[in-house]
There are 2 protein chains.
Amino acid sequence: MSTAQGARARARQEITAAIKEAARRQLAQEGAAKLSLRAVARELGMVSSALYRYFPSRDDLLTALIIDAYDSLGEAAERARDAACEAPPAARWIAVCEAVRGWALGHPHEYALIYGSPVPGYAAPDTTVPAAARIGLVLIGIVRDAHQGPGLTYLPLPAELRPEAERMAADFAADLPPETAAPLVAAWAQLIGLIGFELFGQFNRVVEDREAFFRHAAGRLAESVGLAP
Amino acid sequence: MSTAQGARARARQEITAAIKEAARRQLAQEGAAKLSLRAVARELGMVSSALYRYFPSRDDLLTALIIDAYDSLGEAAERARDAACEAPPAARWIAVCEAVRGWALGHPHEYALIYGSPVPGYAAPDTTVPAAARIGLVLIGIVRDAHQGPGLTYLPLPAELRPEAERMAADFAADLPPETAAPLVAAWAQLIGLIGFELFGQFNRVVEDREAFFRHAAGRLAESVGLAP
DNA sequence: GTCTATAACGAGATAGAC
DNA sequence: GTCTATCTCGTTATAGAC
């Protein structure tokens with residue numbers, strides 16, 4: 001009986017994975033706005049109503065794809081961090097940035113899904129938050145290591161930012177000085193901005209040697225969060 | 001006869017403007033991927049084939065919207081620059097950044113059109129390049145003023161970035177030291193990244209006081225391109 | 001209980017004849 | 001420019017296979 005349940009559960013997982021895979025293909029071809037359950041079902045030789053056993057609605061399928069993308073990106077970042085665990089924090093920071101860029105170049109449509117324009121009529125539920133936070137936690141962790149180890153440099157907080165900085169630090173980096181909270185969040189957004197510009201074509205005819213440019217920018221981001229060069 | 005032609009030209013311009021306005025409304029509701037000439041025509045009480053007198057294809061309408069958006073953003077940036085022409089370069093830089101953010105918050109769907117995910121099946125033609133460059137020229141101009149006036153500080157170029165930096169400087173900032181080229185381009189991408197994160201909801205539950213956070217980040221971007229604080 | 005298939009709904013897009 | 005016939009879509013109700 002447990003075998004039968006195991007087999008059923010396995011089949012269910014396989015079909016779920018096949019649905020998501022087909023949906024990702026559709027994502028690449030038509031974009032998230034046009035993701036359609038019927039087209040996914042057609043590609044799998046299923047009937048559209050059968051998909052509702054696996055995803056209660058089209059939006060739930062989208063949510064699953066978003067969570068998968070965040071997790072895939074987070075995993076790539078964590079692997080890069082672990083591979084560079086012997087290096088000083090600034091080098092580890094750069095390695096993680098390059099891993100994020102590498103993931104984005106390898107998964108452009110999933111990148112667009114999570115960091116591109118919102119899908120009209122869709123609002124990501126709170127269940128996406130933990131997956132979305134993974135990459136942020138990796139970046140915070142590197143700064144934390146530097147704070148507990150070789151040291152962190154930071155500029156004094158301007159008065160107008162102090163309340164917000166203290167709130168941010170209390171929320172997600174209670175053990176770090178509040179001076180680092182805003183630069184960290186800004187560096188995170190700026191990292192994604194750099195990658196998005198490359199991915200979405202804004203660097204065409206502007207930046208040629210993208211690797212060298214990005215490595216340098218990532219290094220300056222590391223400095224901006226207080227990591228010693 | 002010249003009167004008649006003038007009236008005709010005026011009517012044509014008015015209808016063109018009405019079409020773009022309706023298309024922008026559609027953009028806000030359905031997204032760029034689903035922009036359809038038919039829906040635009042319906043909203044205007046026209047027949048879809050009549051639109052082809054004004055825009056040869058859906059892609060041409062999209063291109064016109066993109067150029068308009070870049071121009072609108074560029075104008076906002078230029079106005080902010082001119083309004084702050086008495087202020088020191090760093091303050092002018094921040095004023096321009098805040099104007100860009102203000103424009104984005106006021107025109108989120110046009111922002112998504114130019115800086116968000118690419119529209120599947122659409123490739124922006126070269127005719128969009130001059131409009132897209134306007135905002136960049138404003139930022140470069142501020143750095144140029146600082147270079148010719150109060151002075152600019154910059155770090156030495158790492159060897160691996162020198163060829164690319166010299167190429168970039170020769171392309172769009174021949175009168176500036178090559179050391180500033182890469183930081184300028186990076187700051188431009190990072191500025192858009194910051195704004196995109198706020199606009200697309202990544203700062204939900206992370207940044208509360210968005211104005212203070214952004215002003216601080218813009219100030220640090222100014223420093224990153226060598227403007228004295 | 002778990003799944004797939006059929007059929008249908010209301011809404012909307014689309015192609016082509018006229 | 002108009003009309004119609006035929007597509008698409010998400011979603012649900014229902015029936016039946018395993």
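Just so it is clear: chains get the letters A, B, ... in the order the sequence lines come, proteins before strands, and each one is counted from 1.
The shortest distance between the side-chain N/O atoms of A:R42 and the OP1/OP2 oxygens of D:dC9 is below 4.0 Å. Proximity of A:Y54 to the phosphate of C:dT4: a side-chain N or O atom is located under 4.0 Å from OP1 or OP2. Neither OP1 nor OP2 of D:dG10 sits under 4.0 Å from any side-chain N or O of A:Y52. Side-chain nitrogen and oxygen atoms of A:S48 include none within less than 4.0 Å of the OP1 or OP2 phosphate oxygen of D:dG10. Between C:dC3 and A:R12, a contact under 4.0 Å exists linking OP1 or OP2 to a side-chain N or O.
Place A:I15 and B:S36 on DNA chain C by their nearest nucleotides, and A:I15 ends up nearer the 5' end. Across the interface with DNA chain D, nearest-nucleotide mapping of A:L37 and B:V47 shows B:V47 to be the residue nearer the 5′ end. Along DNA chain D, the nucleotide nearest to B:M46 and the one nearest to A:K34 differ in position, and the one closer to the 5' end is contacted by B:M46.
Residue A:R53 is classed as a base contact, given a heavy-atom separation below 4.0 Å to a base. Residue contacts shown for B:A50 are limited to sugar-phosphate atoms, with no base heavy atom under 4.0 Å away.
Summarising the geometry, the separation between CG on A:L51 and P on C:dT2 is reported as 18 Å, rounded to the nearest angstrom. Between A:L61 atom CG and D:dT11 atom P the separation is 10 Å, expressed in whole Å. Distance, A:I19 CD1 to D:dG10 C1': 15 Å, rounded to whole Å. Taking atom CZ of A:R38 as the reference point, atom P of C:dA13 lies 16 Å away to the nearest angstrom. As rounded to whole Å, 7 Å separates atom P of C:dC3 from atom CZ of A:R8. Look at CD on B:E30: it is 13 Å from P on D:dG10, rounded to the nearest Å. Computed from coordinates, the A:R10 CZ to C:dT2 P distance equals 17 Å when rounded to whole Å.
Distance check: A:R144 CZ to A:D175 CG gives 4.0 Å after rounding to the nearest 0.5 Å. For the atom pair CD of B:E98 and CG of B:L191, the computed distance is 10.5 Å after rounding to the nearest 0.5 Å.
For A:S49 and C:dT4, a side-chain-to-base donor-acceptor distance below 3.5 Å is absent, hydrogens and geometry of angles not being considered.
Between the side chains of B:T63 and B:D60, no donor-acceptor pair is found at a separation under 3.5 Å.
The main-chain N or O of A:A23 is never found under 3.5 Å from a side-chain atom of A:E43 such that the two would form a donor-acceptor pair.
The aromatic rings of B:Y115 and B:Y70 stand perpendicular to each other, their planes meeting at an angle above 60°, with 30° marking the opposite boundary.
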